[in-house]
Protein chains: 2
Amino acid sequence: MSLTPTHIHTVRDLFFRYGLKSMTMDELARQLGCSKKTIYEHYADKKVLVHAVLGGFLNEHRNEMAALDQNPDNAIAKLIRMAAIGFQKMRNLTPTILFDLQKSYPELWMELERYRKEEIVEIFKRLIERGQHEGLIRKEIDPSVVSIIHLQHTNLLLDPVVFSHLDRPLATIFHNIMEVFVGGITTPQGLEVWNTTKAQMNLQP
Amino acid sequence: MSLTPTHIHTVRDLFFRYGLKSMTMDELARQLGCSKKTIYEHYADKKVLVHAVLGGFLNEHRNEMAALDQNPDNAIAKLIRMAAIGFQKMRNLTPTILFDLQKSYPELWMELERYRKEEIVEIFKRLIERGQHEGLIRKEIDPSVVSIIHLQHTNLLLDPVVFSHLDRPLATIFHNIMEVFVGGITTPQGLEVWNTTKAQMNLQP
DNA sequence: AACTTTGAAAACAAAAAAAGTTTTCAAGAT
DNA sequence: ATCTTGAAAACTTTTTTTGTTTTCAAAGTT
């Protein structure tokens, strides 16, 4: 048996839904309808499997970001689209899986942290700089500082204490965060772009 | 040290957030800022602790139901309020904790199932009968059948596949479910009651 | 029709982790 | 000064999980 992409996607679902600890290899095999032997033929051990699944998740995001980076939108529009994708992906990261990652796969956890703190922040920093050249973002804004602020905004979604008791759709929370953030960094011209972009946007993909 | 109600509430939070398996006794002690010894002075073993926490959760619900049952509302209003509380409580039950319960504490899982399938369904059945006597619910409705339908409605909230991809607030989902359910069982007079009750209701407590 | 191959299912050993117990020790109470 | 308390940490025991191996039956092959 060959463990198709569909299978690996099922594994991701299970890991994300029940956490890495609760989802044992036996349970995984049972849910996939295959034997453990088959899993171990494709993945040396559980750690490799977990890395493959989360690495895939991260790569997906990396690719989406790269694709967006290609297109010829203005900086503000890009920034918003990228943020939307980031927020959308965040919601899959439940407290359980984050907890299990930190505890049992610290290297992978650090890799995810690094990805966010370095790669993503770097992309946003460059976007903000571009926005400044385009005259859409105010010159007083320090791109390094502000891109970290954005990272912290996305972090808020991971903390169940912050917004979840409000019982608002992610779209609403996203919208408000962007309203503050974009409003806070744009020139009058940039604000116009934000208003038109906003009108076109559809957060649920 | 005495493990105050605050502490036990923290334990509940941790169990609900991270699941029963990921939350080990060591981790629990660490988070509570006490020693395992202290925990074991109050609870013979982890099973007892888990039972205490989830028993408390269930009892809370039982008491809220009993309190509502006392007040002199009409059957429709009661039914809606009770449903609202039930839905509200449901959202705490993440896939992880349900999975861990079924796997590691099957007796407790069965007790929760029994509570919902017997006690709660019984309460709703009686309410529907009362509603029929009050002329608010149609006589063709079979209380036994319809109270089970309601149970199944609440079950839908536990399945992450059903509604969560919609990214709607619980309040919206609740409202729609009740719109269908109440609309489906009421007499014209009952429908009026539902419309006025609806206006007063505030789902976020 | 005998013979391979395949892979699920189950049994297994080895390793890891968690439960539960005991010891240590320092801070506060008596 | 002595006693008590309980966190912290060390420790043992039990349980769970991992990862491997074996069994066996169904499907395909010659």
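Below, read A as the first sequence line, B as the second, and so on, with proteins coming before strands; counting in each chain starts at 1.
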Practice prompt. Test A:Thr154 against A:Ile120 for side-chain contact (heavy atoms from CB on, under 4.5 Å), laying out the working first.
Written response: CA-CA 11 Å; A:Thr154 70; A:Ile120 297 303; over 6 Å; no
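Between the CD atom of A:Gln31 and the P atom of C:dA8 there is a distance of 15 Å, given to the nearest Å. Atoms CD (B:Glu41) and P (C:dG20) sit 15 Å apart, rounded to a whole Å. Residue B:Leu32 contributes atom CG, which lies 11 Å from atom P of D:dA8 at whole-angstrom precision.
Proximity of a side-chain donor or acceptor of B:Gln132 to a complementary backbone N or O of B:Ile141 within less than 3.5 Å is detected.
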Scan nucleotides 18-27 of chain D against the protein and return all N/O pairs shorter than 3.5 Å with their distances rounded to 0.1 Å.
from   : atom 1 : to      : atom 2 : distance (Å)
D:dT18 : OP1    : A:Lys46 : NZ     : 2.8
D:dT18 : OP2    : A:Met25 : N      : 3.0
D:dG19 : OP2    : A:Tyr40 : OH     : 2.9
D:dG19 : OP2    : A:Lys46 : N      : 2.9
D:dG19 : N7     : A:Lys36 : NZ     : 2.8
D:dG19 : O6     : A:Lys36 : NZ     : 2.8

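OP1 or OP2 of C:dA8 has at least one side-chain nitrogen or oxygen of A:Thr38 nearer than 4.0 Å.
Residues that satisfy the ring pair (Phe, Tyr, Trp, His ring centres under 6.0 Å) test with B:Tyr40, not counting sequence neighbours, are absent from this structure.
Taking both residues in full, the closest heavy atoms of A:Ala29 and A:Lys36 are given as CB-N, 3.8 Å, listed atom of the first, atom of the second, then distance.
A cation-pi arrangement, defined by a distance under 6.0 Å to the six-membered ring centre and an angle within 45 degrees of its axis, is present between B:Lys89 and B:Phe57.
Using a cutoff of 4.0 Å between basic side-chain nitrogens and carboxylate oxygens, B:Arg12 and B:Glu60 are scored as salt-bridged.
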